[in-house]
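I have placed the structure first, in the form of structure tokens, so that the comments after it can refer back to it.
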Amino acid sequence: IDPDVTVGMTNIAAVLSLIASRRCRWPVVVEEHNHPPKMPPGRPWEVLRRRTYPWARSVVVLTRESLAWLQQDVPNARGMVIPNPLPFPVPTSEPNVPPGSVLADERLLLLAVGRLSYEKGFDVLITAFASLAGAHPSWDLVIVGEGPDRAALEDKVRRADELADAMLASAERVGKL
């Protein structure tokens, strides 16, 4: 193996990536996708994070608040902020498509949103939903997105009898649900 970089996403995976790559010559970048004090991983992982994050080429966080935490809690770590591309809180607006036009009031919704490509694992989600659908008949699966795997995912939904309530919706169909 001779990668250009290792990326460890989320705190435990980041710590494990740093430990596994400790004697390797490529850089390791770790990413904290949540504000660490709000989702502590547990005492042993917190100690390991303090010891290993300074080994990272960079620790990427989403907010200045998280960067301030990093600088205080792990002072030798090199941090940087790359903000989430979506504003938070998400602005409210009238839906382009009323939720009731997609989902009856008594139904429960499992909504998945993302690029329809292999690495996102929507094929695995469809298989898992198909195996559980019979035991949970009030649930619907809606997947929103576009991408190169759309046709294959649509075919997978069509082939599974258990997925009568699953829908692969385009962004144009669902809008701001």
Side-chain angles (χ1 to χ4, degrees), residues 1-18 20-21 26 28-36 38-42 45 58-63 66 81-177:
I1 279 187
D2 189 24
D4 293 325
V5 66
T6 297
V7 179
M9 300 182 77
T10 72
N11 49 31
I12 293 172
V15 166
L16 294 174
S17 296
L18 287 161
S21 302
W26 57 80
V28 179
V29 174
V30 300
E31 185 260 349
E32 287 278 352
H33 203 72
N34 296 304
H35 183 55
K38 292 192 178 186
M39 297 198 59
W45 292 106
S58 184
V59 178
V60 177
V61 295
L62 296 175
T63 65
S66 292
V81 175
I82 299 179
N84 199 332
L86 297 175
F88 186 81
V90 176
T92 58
S93 64
E94 290 298 315
N96 292 337
V97 176
S101 72
V102 178
L103 185 69
D105 287 341
E106 67 277 0
R107 306 294 297 170
L108 299 171
L109 174 67
L110 175 59
L111 176 64
V113 180
R115 180 171 162 73
L116 303 181
S117 55
Y118 174 78
E119 68 276 2
K120 299 297 183 175
F122 288 115
D123 57 328
V124 176
L125 174 62
I126 291 168
T127 300
F129 185 81
S131 72
L132 298 171
H136 302 280
S138 62
W139 281 88
D140 292 326
L141 170 63
V142 175
I143 300 173
V144 180
E146 296 299 334
D149 288 358
R150 170 173 275 286
L153 294 171
E154 287 174 339
D155 187 54
K156 186 173 184 99
V157 169
R158 271 192 299 276
R159 285 191 324 250
D161 292 336
E162 301 85 1
L163 293 178
D165 294 320
M167 177 171 53
L168 200 62
S170 68
E172 294 82 27
R173 166 82 170 90
V174 174
K176 294 179 182 173
L177 190 58

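Because the structure is a prediction, the values reported are computed rather than measured.
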Selection residues 3-17 - residue pairs positive for side chain to side chain donor-acceptor pair (under 3.5 Å), sequence neighbours left out: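 For residues 3-17: Thr6-Trp26.
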
Using 0.5 Å steps for rounding, measure from the CG atom of Leu125 to the CG atom of Leu141.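 CG of Leu141 is found 5.0 Å from CG of Leu125.
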
Can you confirm whether [X] sits close enough to [Y] that some side-chain heavy atom of one is under 4.5 Å from a side-chain heavy atom of the other?
{"X": "Leu153", "Y": "Asp123", "value": "yes"}
{"X": "His35", "Y": "Leu62", "value": "no"}
{"X": "Val157", "Y": "Ile143", "value": "no"}

For [X], enumerate each residue passing the side chain to side chain contact (heavy atoms under 4.5 Å, CB included) test, keeping only those at least two apart in sequence or located in another chain.
{"X": "Met39", "answer": "Asn34"}
{"X": "Leu132", "answer": "His136"}
{"X": "Val124", "answer": "none"}

Taking distance alone, no hydrogens or angles, what donor-acceptor pairs closer than 3.5 Å link side-chain atoms of residues 111-121 to residues at least two apart or in another chain?
residue, atom, partner, partner atom, Å
Ser117, OG, Glu119, OE1, 3.4
Ser117, OG, Glu119, OE2, 2.7

Which atom of [X] lies closest to which atom of [Y], heavy atoms considered:
{"X": "Val15", "Y": "Trp45", "answer": "CG1-CZ3, 3.8 Å"}
{"X": "Phe129", "Y": "Trp139", "answer": "CZ-O, 3.6 Å"}
{"X": "Ala128", "Y": "Ser131", "answer": "O-OG, 2.7 Å"}

